[in-house]
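This report concerns only the one structure given below.
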Protein chains: 4
Amino acid sequence: MTQPTKPAPKTSPIQHRLVPNKGKNAPRKCEQILTSAGQLFLQQGYERTSMSQIAQLAGVSKGSLYNHFENKADLFTAFFEERSRTRLDTLKAVSRTPQPDLRTALIQAASTIITLLIDHEAIGLYRIVVAEANEFPHLADTLWHYGFSRTLSSLTEWFTHKHEAGLLKVDDAAFAAEQFLMMSQTRIVQRTRLSLPVDRSPENINRVASAVADHFLKIYAP
Amino acid sequence: MTQPTKPAPKTSPIQHRLVPNKGKNAPRKCEQILTSAGQLFLQQGYERTSMSQIAQLAGVSKGSLYNHFENKADLFTAFFEERSRTRLDTLKAVSRTPQPDLRTALIQAASTIITLLIDHEAIGLYRIVVAEANEFPHLADTLWHYGFSRTLSSLTEWFTHKHEAGLLKVDDAAFAAEQFLMMSQTRIVQRTRLSLPVDRSPENINRVASAVADHFLKIYAP
Amino acid sequence: MTQPTKPAPKTSPIQHRLVPNKGKNAPRKCEQILTSAGQLFLQQGYERTSMSQIAQLAGVSKGSLYNHFENKADLFTAFFEERSRTRLDTLKAVSRTPQPDLRTALIQAASTIITLLIDHEAIGLYRIVVAEANEFPHLADTLWHYGFSRTLSSLTEWFTHKHEAGLLKVDDAAFAAEQFLMMSQTRIVQRTRLSLPVDRSPENINRVASAVADHFLKIYAP
Amino acid sequence: MTQPTKPAPKTSPIQHRLVPNKGKNAPRKCEQILTSAGQLFLQQGYERTSMSQIAQLAGVSKGSLYNHFENKADLFTAFFEERSRTRLDTLKAVSRTPQPDLRTALIQAASTIITLLIDHEAIGLYRIVVAEANEFPHLADTLWHYGFSRTLSSLTEWFTHKHEAGLLKVDDAAFAAEQFLMMSQTRIVQRTRLSLPVDRSPENINRVASAVADHFLKIYAP
DNA sequence: AATGAATGAGCATTCATTCAT
DNA sequence: AATGAATGAATGCTCATTCAT
């Protein structure tokens, strides 16, 4: 390898090509930068992360950063979109797995949501959106678009289907979905976001998820 | 303790911050500084606010800042505690006003919570806590202590009382309180925090509050 | 020699710069670069013009610049020589057009000189020579060689001829030529060079030119 | 002395106070910076001079520069105005010294002008004005205001006086003044500005000055 | 207490130039 | 000949903090 900072060539024929890529190792630099930037942005936020730090962690020169991204804000946005897309992709799959009965399905859905939302990276992304809402208003759009929006659509569709099947009585399925998402954030997610001490064990997650499911059924039982 | 740059012994993370005051206008200076600092911190966050900016807005010299506060982090903490205390004081009054029937009381409580939480300053404080959770972990304690904690106690007490009166069937009043608080944040509060467009009219607040109350009653009706 | 970063032997400071040309559109690239470089150098000066800018304006890659020119200084010199040669060529033609009487001829000569010297590009070249006199001392030689030198020779020859014809009494024709050139720069040229507001209308040019001619005749009338 | 970089206290009760000055050594820092900046700007021009260089030469920290001047452009402007004012002050005194006869006076005036204009610093200031005419258009105004304008007024007044005394026949004294100034720049000044080799000996200056005087008299003799 | 000049480390960004492709 | 990613030094400037007055 002629490139000193890159230990292994990527052989996968399928790769994301967000950046023009002539040689075979061009995308690696870009990914490397994005990965390092992400690590730092998530940990320290936008302002506390310097371009020098990113360059150093990525093992490239400071000038290289500017060959791939116009400026710090651009790099930040690129990182955020990429992470939002790849990270939250799984959220939309909530409720996909078929379950014998509705209650079990709801518990599983709530449980999945909680688990996903207290994931280190999801917390970081949320933190960033809230922190930089004034400076980078479009981050919220991105997070909403790739994150909540899809989850909500998925849940809405699901509830509508159950409504038609007579298993639930949901007049405003969209609001119900939003409410379900919100109720799932009670205690564990909420406190985790504030870095407050909280029991995040699977047992506790399941306990909260069960309560959410039960309460949801009480509200929307036909 | 949790403050990064100042190892000084703080006997309690939450305490009333009083600056020695000899002359008659000494507190003026201090207040002036805190007010200006608050304005800027809430608007731009910790990192983006410089001591020079604060000094300029407060109309004092840069050096003066350091006569009243050890450093930037100390000033920041002082501002945050003062604002949390004075601002969120009202939150604890939720549910105080007596109402003819329970549903109306719940609607009013939810409505008050929503209105308080989407207030410009409350949003700013929340933003700051989330943004600086890594660097200033004690901010969350402060916010919790002065904010949610009291509201939750108040609600818990209320629900317990209603339970004993046979008007509700609440086994875990603390969880119910937390859930009520969370449900109240559906849609309006949640989206406002992300700076997403949302209808914040009194009518819509009331609509959401009513839904919260109805659903809460469905869950906890005896 | 006089070039700061390039020690390469130049047999003469002034020489025709020809770049090897194999294909048919090779000179195109070179010209394109020189044209774009010129545009930028004249507008912004040497330091403020970056190689990236030049490459972008010329529509070539940054690397290409270095295939045609050793470095920035070399490109700058090449541009300056080419422009000096092609631009100031016309200056030598001053006094060529035959006129019925001497006064008319002098007026026309002064008028031509003024018009040429306040031309946008001539001003730019002068500006550059003066600005970079320390860093690129040979620019002055080039400008002198292609510009003033020829004009002065032409004028000197002309005055000598008139002297021999008894129409003028010029003992030091070279000094007279230099003086004529200098007097022609009174007011209009001088102020234009400093970007000061000045009336550059043909009428005013003619007025100044007439004054120059009349005064010149008063000095050197036989 | 408490200040390490300042070897001697200024005791003079009269001093230029362009910058607020509470202590006794505050103005020194400012002067020190201006002096160093001037030295570098005159030598290398605006773009090639860096703030670091200035700070280093002045013996102050880079940050200090920004306590006294808003930015590089501001420092540059301050330097230029101060130099223009103090330097060219003497120019207005041209023609002040009484002389037995007009010719001698004219020679002396021309000689003074030439000597002043080929002074190292005057050349530098002129160079800077021409070089930065696009970026800093107000420099020309400053130079004109403090330099040529006053000289021209002085000469104009002088010529008018001689005209009224019947010693000259000058209809447009202002133009005559401008012409006298321009003629004085023939050869020596002109070439010096372009860094071209030229004989700058007092004898040669006197020779040119005499020619200027004689020719001027031929033009404007009554 | 109050001031504001001084500091020097750090910031984002640009630059001319190189070199493997 | 042409490309454009890579480099690392240098740029103008800001920052929290100190300290003599």
Item to complete: Kindly determine whether D:E135 and C:Q44 satisfy side chain to side chain donor-acceptor pair (under 3.5 Å), including the steps that lead there.
Response: CA-CA 8 Å; D:E135 211 71 16; C:Q44 333 179 98; over 6 Å; no
Discussion item. Restricting to ring pair (Phe, Tyr, Trp, His ring centres under 6.0 Å), what partner residues turn up for C:Y66, sequence neighbours left out?
Written reply: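 Expected list: none.
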For residues 33-41 of chain D, which side-chain donor-acceptor pairs fall under 3.5 Å, sequence neighbours excluded?
residue, atom, partner, partner atom, Å
D:T35, OG1, D:E31, O, 2.7
D:S36, OG, D:Q32, O, 2.9
D:S36, OG, D:A58, N, 3.4

Worksheet item: Which of parallel (below 30°), tilted (30 to 60°) and perpendicular (above 60°) describes B:H138 and B:F136?
Response: perpendicular
Rounded to whole angstroms, how far apart are [atom1] on [X] and [atom2] on [N]?
X     : N      : atom1 : atom2 : result
A:Q32 : F:dA5  : CD    : C1'   : 13 Å
B:I33 : E:dT3  : CD1   : C1'   : 13 Å
C:F69 : F:dA2  : CZ    : C1'   : 15 Å
C:L65 : E:dC15 : CG    : P     : 14 Å
A:N67 : F:dA5  : CG    : P     : 6 Å
A:H68 : E:dT13 : NE2   : C1'   : 16 Å
A:D74 : E:dT13 : CG    : P     : 10 Å
B:L75 : F:dC15 : CG    : P     : 15 Å

Worksheet item: Are the side chain of D:K72 and the backbone N or O of D:Y46 linked by a donor-acceptor pair below 3.5 Å?
Response: yes
Discussion item. Under a 3.5 Å distance rule, please check whether D:R127 uses its side chain to pair with a backbone N or O of C:A131 as donor and acceptor.
Written reply: no
Worksheet item: Atom CZ in A:R83, atom OG1 in A:T86: separation rounded to 0.5 Å?
Response: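 The distance works out to 7.0 Å.
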Item to complete: Quick one: pull up NE2 in B:H68 and NZ in B:K29 and give me the separation to the nearest 0.5 Å.
Response: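 These two atoms lie 6.0 Å from each other.
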Side-chain contact test, heavy atoms from C-beta onward, threshold under 4.5 Å: evaluate it for [X] versus [Y] and give yes or no.
X      : Y      : result
B:F80  : B:L125 : yes
B:Q53  : B:L57  : no
A:L139 : A:F76  : yes

Worksheet item: What would the secondary structure line of DNA chain E be in dot-bracket form, counting Watson-Crick and G-U wobble pairs under 3.5 Å, with [ ] for pairs that cross earlier ones and | for pairs with another strand?
Response: .||||||||||||||||||||
Practice prompt. List in numerical order all residues of residues 48-61 of chain C for which some heavy atom is under 4.0 Å away from an atom belonging to DNA chain E.
Written response: C:T49, C:S50, C:M51
Practice prompt. Report the nucleotide, chosen from E:dT3, F:dT17, F:dT3, that has the shortest atom-to-atom distance to any side-chain atom of C:S64.
Written response: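 Shortest atom-to-atom distance from the side chain points to F:dT3.
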Practice prompt. Looking only at side-chain atoms of B:N71, point me to the closest of F:dT17, F:dC13, F:dA5.
Written response: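 The listed nucleotide nearest to B:N71's side chain is F:dT17.
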Worksheet item: Contact class for B:K72 (heavy atom, under 4.0 Å): base, sugar-phosphate, or nothing?
Response: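 Counting heavy atoms under 4.0 Å across all strands, the contact made by B:K72 is with sugar-phosphate only.
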Discussion item. If you assign C:Y46 and A:E47 each to the DNA chain E nucleotide with the nearest heavy atom, which residue ends up on the more 5' nucleotide?
Written reply: A:E47
Worksheet item: Relative to the 5' end of DNA chain E, which residue comes earlier, C:G63 or D:G63, by the nucleotide with the nearest heavy atom?
Response: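 Per heavy-atom nearest nucleotide, the more 5' residue is D:G63.
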Fill in: Contacts of D:S50 that satisfy side chain to side chain donor-acceptor pair (under 3.5 Å) - sequence neighbours left out
none
Discussion item. It should be established whether B:K29 places a side-chain nitrogen or oxygen under 4.0 Å from OP1 or OP2 of nucleotide E:dA1.
Written reply: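 Negative; the distance criterion is not met.
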Worksheet item: Hey, is the side chain of D:K62 poking within less than 4.0 Å of OP1 or OP2 on F:dG12, counting only N and O atoms?
Response: no
Fill in: Selection: residues 36-45 of chain D, any non-hydrogen atom under 4.0 Å of DNA chain F
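When residues 36-45 of chain D is checked for heavy atoms under 4.0 Å from DNA chain F, there are no hits whatsoever.
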